[in-house]
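Sharing a structure, written as structure tokens. Questions coming.
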Amino acid sequence: CVAIDDAELPALAYSLSTILGEDRNLSTVVVRNNPHGRAMASGFSQNHEYALFYGRTDSAVVGRLPRSEDKQARYPDTDEHGSFAWMNFRATGANSRRVDRPKLFYPIYVSSTGEIRISPMQWSDEKEEWVPTESPKRNESIVLPIDADKRERVWNLGWERAQVEASSVLEAKKVNGAWSIYRKYRPNEEGALPPTWWDDAKYSATESGTRILKDLLGDREIFSYPKSVFLVEDCLRAASCSTQNIALDFFAGSGTTAHAVINLNRQDGGRRKYILVEMADYFDTVL
């Protein structure tokens with residue numbers, strides 16, 4: 001991960017892609033590091049910088065970030081397996097039509113008391129559809145993935161997997177007098193995928209960089225433009241810096257990487273280590 005501003009972004013991206021390969025460019029994240037803006041000679045007010053993520057090898061894996069309270073609130077229900085949200089089992093968006101994925105279109109039987117049953121199916125090449133081997137019972141209704149505009153959609157799972165999960169993660173609910181099928185959707189326990197736009201207030205270099213350094217050393221001017229320690233923590237998380245890893249920062253600056261590694265270890269009891277390299281005077285005055 002390399003942090004950079006607009007001035008050197010093209011040259012840096014070209015260099016990294018030339019050395020590591022263009023296919024190793026995992027993402028370019030835009031970070032809102034200066035919410036109030038910084039006046040530029042061009043007449044614009046700059047609010048952002050970039051974090052370029054490259055995979056050193058083909059086995060590089062992008063790490064997860066902790067979910068914000070807003071994102072966690074999307075999963076308001078809990079059971080013995082953790083938090084979840086009820087969402088319509090009918091697919092939406094791209095490739096959600098029956099013609100797109102015909103093998104995800106099949107009937108689900110729902111009894112008058114809301115019990116779900118999925119019959120074994122046989123595929124008909126002639127009709128290009130699933131044919132249930134069991135008929136609905138007298139007290140069962142047939143529910144198909146048809147939306148409010150009467151368009152044929154598909155379910156989110158094939159019938160075999162849905163049959164296995166029917167009793168534990170599927171539920172039938174009456175909506176406007178008709179049965180709809182809902183499924184328990186759970187957040188990834190490891191966290192959320194890192195987005196490419198980081199705008200949280202904690203990434204502000206002034207509030208979580210300069211102010212923290214002043215609190216530590218008592219001098220606001222001892223180092224110009226220190227990064228937010230919370231930004232570096234999330235960069236380490238996105239770079240999959242797990243509990244036994246070593247973080248190398250060969251432009252140590254004010255030592256924010258060391259600070260971030262220590263914070264991560266305190267949060268999860270990890271044994272991460274850091275190596276910082278610096279040649280300027282603030283090796284003695286700050287680090």
Contact list for residues 236-284, test ring-ring contact (aromatic ring centres under 6.0 Å, His included), sequence neighbours left out:
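Every pair satisfying ring-ring contact (aromatic ring centres under 6.0 Å, His included) with a residue in residues 236-284: F223-Y282.
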Taking side-chain hydrogen bond (donor to acceptor under 3.5 Å, both in side chains) as the definition, give me every residue that meets it alongside T57, ordered by chain and number, with sequence neighbours left out.
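T57 satisfies side-chain hydrogen bond (donor to acceptor under 3.5 Å, both in side chains) with S59 once adjacent residues are dropped.
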Residues forming a side-chain hydrogen bond (donor to acceptor under 3.5 Å, both in side chains) with E115, sequence neighbours excluded:
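So E115 forms no side-chain hydrogen bond (donor to acceptor under 3.5 Å, both in side chains) with any residue.
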In Å, rounded to the nearest 0.5 Å, how long is the span from CG of L248 to OG1 of T257?
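With rounding to 0.5 Å, CG (L248) is 9.0 Å from OG1 (T257).
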Scan residues 39-61 for pairs that pass ring-ring contact (aromatic ring centres under 6.0 Å, His included), counting only residues two or more places apart or in two chains.
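Applying ring-ring contact (aromatic ring centres under 6.0 Å, His included) to every pair that reaches into residues 39-61, excluding sequence neighbours, yields H48-Y50.
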Using the side chain to side chain contact (heavy atoms under 4.5 Å, CB included) definition, which of the options E171, E165, M87 pairs with R183?
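Result: among E171, E165, M87, E165 is the only option passing the side chain to side chain contact (heavy atoms under 4.5 Å, CB included) with R183.
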Is it the case that atom NZ in K202 sees more than 12 heavy atoms from other parts of the structure closer than 6.0 Å?
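Yes, the 6.0 Å shell around NZ holds more than 12 heavy atoms from other groups.
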Heavy-atom closest contact (W198 atom, P195 atom, distance):
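Distance-wise, the nearest heavy atoms are NE1-O, 2.7 Å.
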Side chains of D5 and Y225 only: does a donor on one sit below 3.5 Å from an acceptor on the other?
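There is no such pair (donor and acceptor under 3.5 Å, judged by atom type) between the side chains of D5 and Y225.
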Nonpolar side-chain network containing Y106, other nodes, edges under 4.5 Å
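Grouped by the 4.5 Å side-chain rule, F89, I108, V110, I116, I118, M121, W123, W130, V143, W155, L157, W159, V169, L170, W179, I181 form the rest of the cluster around Y106.
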Might you point out which heavy atoms bring L287 and A252 nearest each other, and give the distance in Å?
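Taking L287 first and A252 second, the nearest heavy atoms are CD1-CB, 3.8 Å.
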Donor-acceptor pairs are to be reported for all side-chain atoms of residues 30-42 against protein atoms at under 3.5 Å, with residues two or more places apart or in another chain.
residue : atom : partner : partner atom : Å
N34     : OD1  : G37     : N            : 3.1
R38     : NH2  : Q46     : OE1          : 2.6

Distance (rounded to the nearest 0.5 Å) between L52 CG and T28 OG1:
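It is 4.0 Å, given to the nearest 0.5 Å.
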Under the side-chain contact (heavy atoms from CB on, under 4.5 Å) rule, what do R153 and R98 come out as? Steps first, then yes or no, please.
CA-CA 5 Å; R153 298 290 184 177; R98 181 180 183 179; over 6 Å; no
List the atom of E128, the atom of P102, and the distance in Å for their closest heavy-atom pair.
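Of all heavy-atom pairs spanning E128 and P102, the closest is O-CB, 4.3 Å.
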Nearest non-hydrogen partners of F84 and T78, listed with the distance
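Of all heavy-atom pairs spanning F84 and T78, the closest is CE2-C, 3.6 Å.
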